[in-house]
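Report on one structure; see the data block that follows.
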Amino acid sequence: MVIHVCDEAKNLKQDFVCPRDLLVQEMQYFSEYLSVDAQRWEEVDISVHCDVQIFDWLMRFVKRRDPTSTQTVPHLEPSNVVSILISSDFLKMKNLVEECVKYCHDNLSAIVATPCNMNCINDDLITRISALFTDTEIDDVKDRKDKFKSKLFCKKIVDLFKSGQKAASLYRCQFCKRIITHSLQSKVKCLTKRVTIDHHGNIAFNHVRDPAWDVNDYLMCLRNQAKNWQEVYWQIWGTVNFLCCSRCNQVFPCSELGHCRFHPDTAQYISGEGLKQTPIGNYGCCNLDVLRFDPLEENNGCRVRDHVVQLQEEDGSDSKILDILLQRRDIICTSPPSLENERGHDINVFCDEEAVLGLSNEGGLTKGQLQHVFPDDNAMFARPESGVSRYETSVDDDDDDSDDEIGDEEVHKAKASKQLKSRRRISNRLFSAKQLSSTSVEHNVSCIPYVRHKWDSQRSLRFNQDAQRQDDQKRMNELINYLVKQRVSSTDKIRHREYAGGIFSRLESQFRNTYQTSKTSTLQPIQKSKTRLNPRP
């Protein structure tokens with residue numbers, strides 16, 4: 001078979017001769033054009049438009065096992081491997097493609113240094129080349145102009161999100177806003193209010209997937225922040241891989257290597273003139289209160305340092321992860337969050353209700369659904385400057401400190417009577433608003449200051465429970481007043497309603513009246529003046 005090669009770039013033409021069986025065996029592209037019938041071979045004219053030197057290299061490779069051939073066996077070089085790879089893939093030379101892919105894996109740094117066009121390599125070939133590389137090998141490739149390195153890291157990112165891989169279950173928690181996987185959700189802490197106890201008595205956190213978060217938007221956001229896809233890959237790698245710290249006994253993602261919080265000073269549990277031991281201590285470095293026996297195992301240190309990694313896996317996978325992390329720490333690790341954000345999540349049993357009312361961003365409900373319940377949120381929910389509401393009875397600190405769960409019955413009875421009187425005052429003032437008109441109800445509700453009580457660890461258990469009961473009663477009274485107001489206003493609207501169908505019925509009637517008026521004006525006859533010309537005599 002005669003093959004005509006035309007090199008338009010160099011304006012050269014050259015003919016190559018090759019046996020038909022050998023040509024079909026090595027270059028399977030021609031197998032569908034060269035049939036078994038020998039009479040049809042003469043009708044086929046093969047013309048190839050490519051570089052003459054590259055096709056000469058390919059023909060020598062085809063005839064490498066031919067005993068009659070006197071040509072030497074060619075060798076791959078960094079300057080010609082890309083052109084040979086593209087040509088061999090087009091001509092379906094499987095053996096040569098495999099050799100070129102392996103050569104690219106072994107000599108990629110030298111290949112990208114040559115003036116070759118790496119954009120001509122198709123996606124399938126890039127996938128085959130990236131499959132031979134590990135992430136650390138790609139990172140070691142010296143590609144100053146980034147001809148091919150980012151493409152390989154893109155393939156590695158796709159491999160991370162394949163089914164069964166670590167990043168396949170990547171999601172963001174709706175409450176703590178952390179990016180985690182299913183393997184990390186039972187080990188990484190969420191907000192304090194999401195704490196539960198499992199069947200074995202261990203602390204468990206309930207992360208909830210955020211439906212508004214999309215992984216594609218997350219990747220594009222990382223790409224806009226980073227310089228290239230190399231940094232994006234290592235940031236995702238640091239998110240999905242995790243280690244255990246022997247210092248704080250917590251599991252942490254590799255991206256949080258420097259987030260181990262601690263206090264430089266020890267907690268002091270001695271207070272008072274008699275230097276009594278108390279269950280609540282204080283850190284002198286940051287003035288933070290702490291429980292002696294904290295069931296939640298909170299770690300809210302005012303300083304940060306590196307975690308001390310505890311190697312647990314026997315196969316050495318943890319040591320490999322640690323080596324990669326230490327070598328690329330500047331790219332993988334993120335800066336620790338501020339101390340205010342870490343401590344800004346107090347336990348609040350009314351977080352969902354406040355989120356509905358538009359008073360807080362926390363909670364799983366939609367913000368502001370019932371914000372119109374209270375006419376003046378700022379006046380109602382603002383803390384009074386004096387610290388104690390005029391509708392509440394103040395309790396002395398001395399009495400509160402002596403009020404324990406096993407205190408005297410007389411103290412309990414006295415406090416119960418005080419609280420009962422304060423509740424009656426509040427309830428009488430609140431329920432009196434139901435008998436007034438709608439304007440008076442709105443005025444009374446808006447002028448009642450509302451003080452939300454959080455769980456105060458410095459107070460006794462009984463005081464915190466009573467404060468929460470008062471909050472519940474206040475909320476219910478406010479809701480009752482709002483419903484009364486709505487009922488009164490709705491009856492007034494029904495009396496003065498002009499149309500039974502509401503505003504849509506009124507709009508429809510207005511439209512019909514306008515349409516009939518315009519129709520009558522168009523149907524009026526138009527009088528035309530006719531002039532007659534007198535005939536000439």
Side-chain angles (χ1 to χ4, degrees), residues 123-124 126-141 148-190 205-245 250-259 307 309 311-313 315-337:
D123 189 70
D124 294 336
I126 296 175
T127 304
R128 295 180 62 177
I129 295 173
S130 64
L132 299 179
F133 280 93
T134 61
D135 48 9
T136 55
E137 290 177 349
I138 299 175
D139 205 16
D140 295 336
V141 173
F148 201 65
K149 198 171 183 178
S150 292
K151 295 181 180 180
L152 295 179
F153 272 112
C154 286
K155 292 297 179 182
K156 288 299 179 182
I157 293 174
V158 174
D159 294 340
L160 283 178
F161 287 91
K162 285 184 178 179
S163 178
Q165 298 299 323
K166 294 181 179 180
S169 58
L170 194 69
Y171 70 95
R172 187 180 71 175
C173 179
Q174 185 177 0
F175 296 95
C176 64
K177 307 301 180 182
R178 299 186 66 174
I179 310 297
I180 56 177
T181 59
H182 285 309
S183 59
L184 276 173
Q185 63 182 0
S186 61
K187 303 175 183 178
V188 177
K189 289 189 175 182
C190 189
F205 293 89
N206 297 325
H207 294 276
V208 179
R209 182 186 294 271
D210 189 358
W213 185 79
D214 184 66
V215 66
N216 297 316
D217 297 338
Y218 172 68
L219 291 177
M220 295 307 300
C221 181
L222 290 179
R223 179 63 182 86
N224 295 332
Q225 296 176 359
K227 298 178 181 179
N228 46 40
W229 288 107
Q230 176 186 0
E231 296 185 6
V232 174
Y233 172 81
W234 287 118
Q235 290 178 9
I236 299 173
W237 182 92
T239 304
V240 300
N241 290 278
F242 57 90
L243 296 170
C244 183
C245 178
Q250 292 183 0
V251 176
F252 65 95
C254 291
S255 59
E256 300 179 2
L257 177 62
H259 294 195
H307 290 283
V309 179
L311 302 179
Q312 296 179 345
E313 298 294 337
D315 56 354
S317 59
D318 285 352
S319 61
K320 294 179 182 179
I321 293 174
L322 181 59
D323 293 339
I324 295 174
L325 177 59
L326 295 178
Q327 292 175 3
R328 298 160 180 84
R329 176 173 181 171
D330 297 337
I331 302 176
I332 298 174
C333 296
T334 59
S335 59

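Count residues from 1 along the sequence. A quick note: this is a predicted structure, and the numbers were derived from the prediction, not measured.
In this structure, His259 and Phe252 have side chains that are not in contact, with every pair of non-hydrogen atoms separated by 4.5 Å or more. The shortest side-chain heavy-atom distance between Val309 and Asp318 does not fall under the 4.5 Å cut-off. The shortest distance between side-chain heavy atoms of Phe242 and Ser183 falls below 4.5 Å. Counting heavy atoms from C-beta outward, Arg209 and Gln174 have side chains that stay 4.5 Å or more apart. Between Ile126 and Phe148 there is a side-chain heavy-atom pair separated by less than 4.5 Å. Proximity of Pro253 to Arg178: side-chain heavy atoms (C-beta onward) are separated by under 4.5 Å at one or more points. Under the 4.5 Å side-chain criterion, counting only non-hydrogen atoms from C-beta, Cys254 is in contact with Ile321.
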Derivation of the ring pair (Phe, Tyr, Trp, His ring centres under 6.0 Å) call for His207 and Tyr171: CA-CA 10 Å; His207 294 276; Tyr171 70 95; 7.3 Å; no
Residues Phe175, Asn206; criterion side chain to side chain contact (heavy atoms under 4.5 Å, CB included); working and verdict: CA-CA 10 Å; Phe175 296 95; Asn206 297 325; over 6 Å; no
Intermediate values then yes/no, side chain to side chain contact (heavy atoms under 4.5 Å, CB included), Cys190 and Cys176: CA-CA 6 Å; Cys190 189; Cys176 64; 3.8 Å; yes
Val251/Leu184 under side chain to side chain contact (heavy atoms under 4.5 Å, CB included): CA gap, chis, key distance, verdict: CA-CA 8 Å; Val251 176; Leu184 276 173; 4.2 Å; yes
Worked verdict on Tyr233 versus Asp135 for side-chain hydrogen bond (donor to acceptor under 3.5 Å, both in side chains): CA-CA 9 Å; Tyr233 172 81; Asp135 48 9; 2.9 Å; yes
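Within the structure, side-chain hydrogen bond (donor to acceptor under 3.5 Å, both in side chains) pairs that include any residue of residues 154-166 comprise Asp123-Lys155, Thr127-Lys155, Asp159-Lys162, Lys166-Asn241 (at least two apart or interchain). Listed by first and then second residue, the side-chain hydrogen bond (donor to acceptor under 3.5 Å, both in side chains) pairs that reach into residues 322-336 are Asp139-Arg328, Asp306-Arg329, sequence neighbours excluded.
The line from CG of Leu311 to SG of Cys244 is 10.0 Å long, rounded to the nearest 0.5 Å. Taking CH2 of Trp234 as the reference point, atom OG1 of Thr239 lies at 12.5 Å (rounded to 0.5 Å). From Phe153, atom CZ reaches atom CD1 of Ile236 across 11.5 Å, with rounding to the nearest 0.5 Å. Atom CD of Glu231 sits about 5.5 Å away from atom CD1 of Ile331, to the nearest 0.5 Å. For the atom pair CG of Asn228 and OG of Ser150, the computed distance is 5.0 Å after rounding to the nearest 0.5 Å. For the atom pair CD1 of Ile332 and CG of Leu257, the computed distance is 9.5 Å after rounding to the nearest 0.5 Å.
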N/O donor-acceptor pairs under 3.5 Å from side chains in residues 215-223, not counting sequence neighbours:
| from | atom 1 | to | atom 2 | distance (Å) |
| --- | --- | --- | --- | --- |
| Arg223 | NH1 | Lys227 | O | 3.2 |

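Within the 3.5 Å criterion, the main-chain N or O of Gln230 finds no donor-acceptor partner in the side chain of Lys149. One N or O on the side chain of Ser169 and one on the backbone of His182 form a donor-acceptor pair closer than 3.5 Å.
Annotation for Lys320: atom NZ does not count as buried by contact number, only 12 or fewer foreign heavy atoms lying within 6.0 Å.
Nearest heavy-atom pair across Val240 and Leu170 is CG1-CD1, 4.1 Å.
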